[in-house]
2 protein chains.
Amino acid sequence: MSHTSGAAGAPAPAPLRVRQAQKEQTRRALLDAGLRLLDRQSLSSLGLREVTREVGVAPAAFYRHFPDLAALGVALVGEALGSLHTVVRDALAGGAAGADAAELIDRTVAITVAYADEHRAHIRFIARERYGGVRPVREAIAAELARFTEEVATGLAAQPASAGWSPAELRVLAGLYVDHMVQTAAAVMEAPQDDPAARDTIVETARMRMRIISLGRAHWLDGR
Amino acid sequence: MSHTSGAAGAPAPAPLRVRQAQKEQTRRALLDAGLRLLDRQSLSSLGLREVTREVGVAPAAFYRHFPDLAALGVALVGEALGSLHTVVRDALAGGAAGADAAELIDRTVAITVAYADEHRAHIRFIARERYGGVRPVREAIAAELARFTEEVATGLAAQPASAGWSPAELRVLAGLYVDHMVQTAAAVMEAPQDDPAARDTIVETARMRMRIISLGRAHWLDGR
DNA sequence: TCAGTCAGTGAACAAGTGTTATCTGAGTTC
DNA sequence: GAACTCAGATAACACTTGTTCACTGACTGA
């Protein structure tokens with residue numbers, strides 16, 4: 001490798017772009033503070049000053065990172081739903097392994113609930129803003145969810161159970177699964193965190209709903 | 001009948017309780033104005049002064065009718081979901097008549113979409129606040145939706161197709177139908193009002209989803 | 001080493017907010 | 001017709017809000 005400065009090359013204490021790193025750091029702080037505050041209120045009622053106060057930074061500093069609170073919201077949508085793509089790959093990957101249908105459904109529900117638990121704030125944010133009062137955020141969520149549905153659709157297409165299904169039909173099915181997932185995650189948020197009984201009811205309900213849907217899928221081609 | 005005053009009894013120009021009627025009138029105006037403003041924003045960002053200004057009344061007058069904006073929201077939930085009960089009765093009544101399954105599904109979807117169109121503001125409000133930032137409103141919606149699910153469940157129980165289903169299972173199925181209805185109505189809101197193609201896609205998607213669910217229902221008892 | 005960049009500061013701005021106390025006058029009741 | 005009630009008006013309160021501006025000073029690159 002070529003060296004850019006005369007310093008000792010091995011440990012590389014990364015003196016490069018300290019400025020940029022610091023900026024990124026307060027940007028993160030703004031996003032985190034925003035997400036934290038959004039646990040109890042919705043984006044349209046969140047104040048710019050509220051966020052900067054939480055971070056401990058001057059109000060004007062906000063504009064160095066986002067033009068708007070809406071822009072911050074859109075950024076949050078990105079990280080909330082971006083990390084979800086790996087999850088869906090996990091869930092769909094289970095289909096390739098030789099597990100039976102019931103087991104697969106339980107696994108998918110378990111993955112969904114676990115994810116919802118690990119990302120409470122993100123999920124709550126998505127559920128709240130999906131039909132919320134801020135247009136650009138709503139659109140960002142819709143777009144991300146659409147990409148997501150497409151991904152599930154192509155995943156389903158690879159399964160033997162999808163023989164004879166048109167791409168359009170598979171997309172509808174995928175959308176049904178995705179909406180069901182979002183609904184389940186939102187339900188988990190709504191239940192008190194320390195009430196295992198309520199949680200079990202949610203999980204059991206989610207399983208049965210998914211079984212019904214999968215049963216319908218299995219018999220879709222019965223009448224030609 | 002007995003007369004309470006000596007005036008001519010027949011036409012009864014209703015001089016009684018003028019005060020109360022006037023109060024009710026501005027209460028209605030507040031609710032209407034609130035709903036109108038909530039088409040473009042969510043409850044948590046709505047201002048008390050904003051509402052009274054829209055009505056043309058002093059800010060302080062608001063407190064004669066509601067302690068809170070949250071209380072106004074709860075009242076709106078009541079009227080938004082109250083009128084829906086008659087709709088579900090309509091849809092379920094179709095089951096009693098001798099229509100075949102496919103026709104029944106189309107009818108139900110049509111009813112749902114028509115209702116959503118006629119009550120745009122109400123539906124938008126419910127979708128927005130279901131997981132919105134105002135706790136009491138969220139709870140009111142959840143409670144109303146639960147009552148609603150119960151009603152659907154007892155309606156389904158009366159159908160021959162429900163033989164062998166436990167009440168708990170019927171409740172899950174009813175919940176699935178209800179959530180699907182809400183989802184469909186919300187999707188109708190999201191589509192541009194003057195784009196028939198987008199609307200058709202939504203209707204067609206809703207139908208197929210419902211067919212899948214109903215198919216799953218029909219085969220639920222296949223494996224005992 | 002030195003000039004330039006730019007993330008964050010501090011102060012001021014014009015508006016907006018929810019809430020309160022006091023007053024007014026039409027509607028009610030006897 | 002006089003006494004009372006109470007929906008709504010008026011005005012003031014103490015804040016909070018988003019946005020702007022000129023500024024400071026650590027980091028950057030030559």
Side-chain angles (χ1 to χ4, degrees), chain A residues 2-7 12-34 37-38 40-73 75 133-134 136-137, chain B residues 3-7 12-34 37-38 40-73 75 133-137:
Chain A
S2 67
H3 51 82
T4 47
S5 76
L16 295 84
R17 304 201 192 82
V18 177
R19 198 74 164 281
Q20 189 170 315
Q22 283 174 337
K23 179 170 185 182
E24 177 58 25
Q25 191 176 323
T26 68
R27 193 188 123 100
R28 265 253 59 79
L30 286 170
L31 286 166
D32 290 346
L37 292 167
L38 285 170
R40 304 193 105 79
Q41 61 190 304
S42 51
L43 184 59
S44 56
S45 73
L46 185 65
L48 179 152
R49 292 181 106 105
E50 214 175 333
V51 178
T52 56
R53 197 186 310 130
E54 176 90 357
V55 173
V57 93
F62 183 89
Y63 295 104
R64 301 283 180 202
H65 302 276
F66 306 100
D68 255 347
L69 271 170
L72 183 142
V134 184
V137 171
Chain B
H3 50 83
T4 48
S5 75
L16 295 84
R17 303 200 191 82
V18 177
R19 197 81 162 274
Q20 188 170 315
Q22 285 174 337
K23 179 169 184 182
E24 177 60 24
Q25 190 176 323
T26 68
R27 193 188 123 100
R28 266 252 59 78
L30 287 169
L31 286 166
D32 291 345
L37 293 166
L38 286 169
R40 304 194 105 79
Q41 61 190 303
S42 51
L43 184 58
S44 56
S45 73
L46 185 66
L48 177 152
R49 293 181 105 105
E50 214 175 332
V51 178
T52 56
R53 196 185 310 130
E54 175 90 355
V55 173
V57 93
F62 183 89
Y63 295 104
R64 301 281 181 202
H65 303 276
F66 307 99
D68 254 346
L69 273 170
L72 183 142
V134 184
R135 164 74 71 75
V137 172

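As the structure is a prediction and not an experimental result, all values here were calculated from the model. In what follows, chains carry the letters A, B, and so on, assigned in the order in which the sequence lines appear, proteins first and then strands, with residues in each chain numbered from 1.
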note: A:L69, atom CG; D:dT16, atom C1'; distance rounded to Å ~ 14 Å
What N/O pairs connect the protein and nucleotides 23-27 of chain C at under 3.5 Å? Give each pair on its own line.
| from | atom 1 | to | atom 2 | distance (Å) |
| --- | --- | --- | --- | --- |
| C:dG27 | O3' | B:R19 | N | 3.2 |

- Item | Note, A:R27 side chain near A:E24 side chain (heavy atom, < 4.5 Å) | yes
Here the residues of residues 23-33 of chain A within 4.0 Å heavy-atom distance, strictly under, of DNA chain C are A:K23, A:T26
Interatomic distance, CZ@A:R53 vs CG@A:L37, rounded to 0.5 Å, equals 9.0 Å
Here the distance between atom P of C:dT17 and atom CD of B:E54, to the nearest Å, is 13 Å
Looking only at heavy atoms, the pair that brings A:S44 and B:S45 closest together is O-CB, 3.3 Å
Do A:T26 and A:Q22 come close enough that some side-chain heavy atom pair is under 4.5 Å? no
Closest non-hydrogen atoms of A:F62 and A:L69, given as atom of the first, atom of the second and distance, are CZ-CD2, 3.9 Å
Heavy atoms of B:L31 and B:A75 approach each other most closely as CD2-CB, 3.9 Å
One should read off an interatomic distance between A:L72 CG and A:L43 CG, to the nearest 0.5 angstrom, of 7.5 Å
Pairs under 3.5 Å (Watson-Crick or G-U), crossing ones as [ ], inter-strand ones as |: DNA chain C comes out as ||||||||||||.||||.||||||||||||
From OH of A:Y63 across to C1' of C:dT9 the rounded distance in Å is 15 Å
On a heavy-atom basis, the closest approach of A:A70 and A:V137 is O-CG2, 3.8 Å
Rounded to whole Å, CG of A:L37 lies from C1' of D:dT16 at a distance of 15 Å
Hits for salt bridge (Lys or Arg N to Asp or Glu O under 4.0 Å) against B:E54, two or more places apart or cross-chain, chain-then-number order -> B:R36
Taking CZ in B:R40 as the centre, count heavy atoms belonging to other residues, nucleotides or ligands within less than 6.0 Å. Is the count above 12?
no
Winner on side-chain proximity to A:A58, out of C:dT19, D:dT19, C:dT9, is C:dT9
Value for CG (B:L30) from CD (B:Q25), rounded to nearest 0.5 Å, stands at 11.0 Å
From CG of A:L43 across to C1' of D:dG18 the rounded distance in Å is 15 Å
Closest non-hydrogen contact found for B:V55 with B:A33 is CG2-CB, 3.5 Å
Contacts of B:R64 meeting side-chain contact (heavy atoms from CB on, under 4.5 Å) (sequence neighbours excluded), chain-then-number -> none
Atom pairs under 3.5 Å: protein N/O with N/O of nucleotides 14-16 of chain C:
none

